[in-house]
Amino acid sequence: MTKRLFQSPKGIKDILPDQQPHWQFVEKKIHRIGQLYGYEKLELPVFEETALFQRGVGEGTDIVEKEMYTFKDKSGTSVTLRPEFTAGVVRAYLQHGLSNLPSPVKIWSLGPVFRYERPQAGRFRQHSQFNVEALGEQDPALDFEIMSIAYHLFEDLGFRKIHFQINSIGCPMCRPNYLRALIDYYQPIQAKICRECQKRLKKNPLRLLDCKNPLCRSPIEKAPPSVHFLCKECEIHFETLKTYLDRLKRPYTQNHRLVRGLDYYTKTVFEVWVEGIGAQNAVCGGGRYDGLAEALGGPPTPGVGFASGLERIILTLKEQKVEIPEPVRPNVYFAFQGDDAKNKVVEFLSILRKHNIEAIMGFGSRSLKSQLREANRRNIQFVIILGENEMAQKKVLIKTMEGGVQESVSWDGLIPFFEKRIGSS
RNA sequence: GUGGGUAUAGCUCAGCUUGGUAAGAGCGUCAGGUUGUGGCCCUGAAGGCCGCGGGUUCAAGUCCCGCUACUCACCCCA
């Protein structure tokens, strides 16, 4: 026996039973919202071939450059714990020929993703994401639907002040023009921006815009916005999306600095921001990725989607003091005295549960007092007592904990008693 | 990767300034408060090499140094 206790790895958290009400609350809403919008669930593997993410997410991104959990399996194949869902969804779509389903193919997924980062408030190395994607359609109404799902979910969860940040970063037709303009703008003032940005200027100019270094603030403010360079198609797409947002009164801010850190985005990008989870402000982020399927070797296939972090959702629920339904407790605690009674209790328990009555018993050889205490702590509604007297009379004592009323019931009357009392839910 | 903060019981924390009966409290767990009964109250028990390693000293949770972990923040994101 070693003295050292094991600890969960850095940035990786257990979700203990006392957190389950929150999780179940959120997961229930997620299932319902998927149903409501006509999205079907897709379960993906937790790891994929590394190249999928390199190609899908993009070589130049932070995720691929420094945040992936990558290792070789026994055959020497490099695999990676998924750092996000979209690449995997598109892979599955292509692999299984889902394009033969009625278009658009509408999918949601839920599960853990992994990023090797320094943990902090609202950021973990393993966290859970709710992910929604719609493939095979470029209608801006679909962008709107995707955003509506996020909005609807947050509204359902009881969030206040839900607010979108939106932007359009163009397509392969118009983005080159924009990038050129951006570079032309930055080139002369290179000396006035931070070191990171000097690199970005060469590697990934779009990312110049979301630099938070105070040095770069004023250059960013004066930088040309991408929306001024959209081609006709992208412009119409963006304007139409905004019409829908206006029509349905979804609050949004057009944010020229929003470019997002993944390479696959085209046209629409958006986030939902919220306060109260430390320095993190995004509970949801997504956008359109019309070039991704092709980049992964498939036919041109447009797509839109978003991901939302469950841990951040739950932090927000707590921050905004949203009321969570009480955890469900068993209805019945079966207390006993003596070995004969105990044997009978084991039998009765089985019968109660067969009748769908939630029931637990006391274990070991604890006093009646101790069993009652336990039942009380566990917030049990009814305690059934089976002692020597009851054994002799083939009866049980049923105590209603709230109020403390007790009544004697015959063994035959046990099931009917509860079937009458406990709602058939 | 870089910086700040923190490390004493399962949890929340006192004690450290002024080194020497300070290993402590509350909550939780378990047991008991007579003969078969919960919540309030009372009593008791279990549970800590005071994060780890070194140093100073007659003496160190208490002072100094190193390490590690946790945490917050930067970068970026959910």
Side-chain angles (χ1 to χ4, degrees), chain A residues 3-13 16 18 57 60-67 82-86 110-131 150 194-197 199-200 204 207 210-214 216 258-262 269 271-274 277-286 306-316 333 335-338 341 362 364-391 397-406:
Chain A
K3 270 269 169 69
R4 175 182 167 259
L5 281 178
F6 286 106
Q7 259 189 332
S8 59
K10 185 196 281 289
I12 294 186
K13 300 281 189 225
L16 298 176
D18 66 332
V57 178
T61 59
D62 282 6
I63 289 181
V64 171
E65 252 174 21
K66 48 183 196 187
E67 294 175 1
R82 63 182 176 210
E84 59 114 45
F85 274 95
T86 308
L110 178 66
V113 298
F114 306 84
R115 315 238 262 239
Y116 188 85
E117 302 180 271
R118 290 292 280 265
Q120 71 190 74
R123 169 141 94 220
F124 314 98
R125 289 188 171 179
Q126 173 179 337
H127 74 275
S128 297
Q129 284 188 358
F130 169 45
N131 189 268
C194 74
R195 229 146 221 269
E196 266 307 301
C197 279
K199 282 189 223 155
R200 289 186 180 120
N204 197 345
R207 302 284 293 290
D210 67 2
C211 182
K212 277 149 199 154
N213 192 317
C216 305
L258 187 70
V259 294
R260 300 189 50 76
L262 292 79
V269 292
E271 292 184 353
V272 176
W273 289 2
V274 84
I277 39 183
Q280 323 308 328
N281 49 14
V283 269
C284 165
F306 75 81
S308 187
L310 283 260
E311 285 78 0
R312 287 190 186 176
I313 288 177
I314 287 164
L315 284 168
T316 307
Y333 183 101
F336 60 88
Q337 268 194 326
S365 49
R366 333 173 77 179
S367 64
L368 193 58
K369 178 205 272 282
S370 164
Q371 294 179 71
L372 265 290
R373 250 183 209 164
E374 184 191 346
N376 184 57
R377 268 286 1 260
R378 290 190 193 274
N379 245 308
I380 300 288
Q381 208 179 342
F382 301 101
V383 172
I384 308 175
I385 297 164
L386 184 59
E388 277 150 32
N389 297 342
E390 289 77 19
M391 280 299 280
L397 224 46
I398 301 178
K399 175 165 186 165
T400 306
M401 292 300 269
E402 195 181 330
V405 185
Q406 291 188 169

Whole angstrom is fine here: how far is it from [atom1] in [X] over to [atom2] in [N]?
| X | N | atom1 | atom2 | result |
| --- | --- | --- | --- | --- |
| Leu262(A) | rA78(B) | CG | C1' | 11 Å |
| Phe114(A) | rC76(B) | CZ | C1' | 19 Å |
| Leu16(A) | rG28(B) | CG | P | 19 Å |
| Lys66(A) | rC76(B) | NZ | C1' | 6 Å |
| Asp18(A) | rC11(B) | CG | P | 13 Å |
| Gln129(A) | rC77(B) | CD | P | 13 Å |

Sugar-phosphate only, base, or nothing, as touched by Phe130(A) at under 4.0 Å among non-hydrogen atoms: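 The answer is nothing, as Phe130(A) stays clear of every strand by at least 4.0 Å.
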
Looking across every strand, which nucleic acid part, if any, lies under 4.0 Å from Asn379(A) by heavy atom: base, sugar-phosphate, or nothing?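 No contact.
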
Reported CZ-to-NE2 distance for the pair Arg312(A) and His127(A), which is rounded to 0.5 angstrom: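 One gets 7.0 Å once the value is rounded to the nearest 0.5 Å.
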
Short side-chain N/O contact from Arg125(A) to OP1 or OP2 of rC76(B), under 4.0 Å: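 Checking rC76(B) against Arg125(A), no side-chain N or O comes under 4.0 Å of OP1 or OP2.
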
Under 4.0 Å from OP1 or OP2 of rG32(B): is there any side-chain N or O of Ser367(A) that close?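 For rG32(B), OP1 or OP2 has a side-chain N or O of Ser367(A) closer than 4.0 Å.
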
Output a table of nitrogen or oxygen pairs between the protein and nucleotides 70-73 of chain B separated by less than 3.5 Å.
{"from": "rC70(B)", "atom 1": "OP2", "to": "Lys10(A)", "atom 2": "NZ", "distance (Å)": "2.8"}
{"from": "rU71(B)", "atom 1": "OP1", "to": "Lys13(A)", "atom 2": "NZ", "distance (Å)": "2.4"}
{"from": "rC72(B)", "atom 1": "OP2", "to": "Ala121(A)", "atom 2": "N", "distance (Å)": "3.3"}
{"from": "rA73(B)", "atom 1": "OP1", "to": "Ala279(A)", "atom 2": "N", "distance (Å)": "3.0"}
{"from": "rA73(B)", "atom 1": "OP2", "to": "Gln120(A)", "atom 2": "NE2", "distance (Å)": "3.4"}
{"from": "rA73(B)", "atom 1": "OP2", "to": "Ala121(A)", "atom 2": "N", "distance (Å)": "3.2"}

Atom C1', compared across rC16(B) and rA23(B): separation rounded to whole Å: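 Approximately 14 Å lies between the C1' atom of rC16(B) and that of rA23(B).
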
Within the distance-only criterion (no hydrogens, no angle test), does the side chain of [X] pair as donor or acceptor with the backbone N or O of [Y] below 3.5 angstrom?
| X | Y | answer |
| --- | --- | --- |
| Gln129(A) | Leu310(A) | no |
| Gln337(A) | Glu388(A) | no |
| Arg82(A) | Pro112(A) | yes |
| Glu390(A) | Ile385(A) | no |

Could you go through Glu117(A) and Lys66(A), starting from their C-alpha distance and side-chain angles, then the distance that decides it, and tell me whether this counts as salt bridge (charged side-chain N to carboxylate O under 4.0 Å, His left out)? CA-CA 8 Å; Glu117(A) 302 180 271; Lys66(A) 48 183 196 187; over 6 Å; no

On the side chain of Arg260(A), is there an atom forming a donor-acceptor pair with the base of rC76(B) - under 3.5 Å, no angle test?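 Side chain to base: no pair present.
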
Starting at the 5' end of RNA chain B and moving along, which residue's nearest nucleotide shows up first, Arg366(A) or Glu84(A)?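 Between the two, 5'-proximity favours Arg366(A).
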
Ser128(A) or Asn213(A): which one's nearest nucleotide on RNA chain B is closer to the 5' end?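 The residue closer to the strand's 5' end, by nearest nucleotide, is Asn213(A).
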
Interface polar pairs with nucleotides 37-41 of chain B, N/O, under 3.5 angstrom:
{"from": "rU37(B)", "atom 1": "O2", "to": "Lys399(A)", "atom 2": "NZ", "distance (Å)": "2.9"}
{"from": "rU37(B)", "atom 1": "O2", "to": "Gln406(A)", "atom 2": "OE1", "distance (Å)": "2.9"}
{"from": "rU37(B)", "atom 1": "N3", "to": "Gln406(A)", "atom 2": "OE1", "distance (Å)": "2.5"}
{"from": "rU37(B)", "atom 1": "N3", "to": "Gln406(A)", "atom 2": "NE2", "distance (Å)": "3.4"}
{"from": "rU37(B)", "atom 1": "O4", "to": "Gln406(A)", "atom 2": "NE2", "distance (Å)": "3.2"}
{"from": "rG38(B)", "atom 1": "O2'", "to": "Asn376(A)", "atom 2": "ND2", "distance (Å)": "3.3"}
{"from": "rG38(B)", "atom 1": "N7", "to": "Lys399(A)", "atom 2": "NZ", "distance (Å)": "3.0"}
{"from": "rG38(B)", "atom 1": "O6", "to": "Met401(A)", "atom 2": "O", "distance (Å)": "3.2"}
{"from": "rG38(B)", "atom 1": "N1", "to": "Met401(A)", "atom 2": "O", "distance (Å)": "2.5"}
{"from": "rG38(B)", "atom 1": "N2", "to": "Asn376(A)", "atom 2": "OD1", "distance (Å)": "3.0"}
{"from": "rG38(B)", "atom 1": "N2", "to": "Met401(A)", "atom 2": "O", "distance (Å)": "3.4"}
{"from": "rG38(B)", "atom 1": "N3", "to": "Asn376(A)", "atom 2": "OD1", "distance (Å)": "3.3"}
{"from": "rG39(B)", "atom 1": "O4'", "to": "Asn376(A)", "atom 2": "ND2", "distance (Å)": "3.0"}

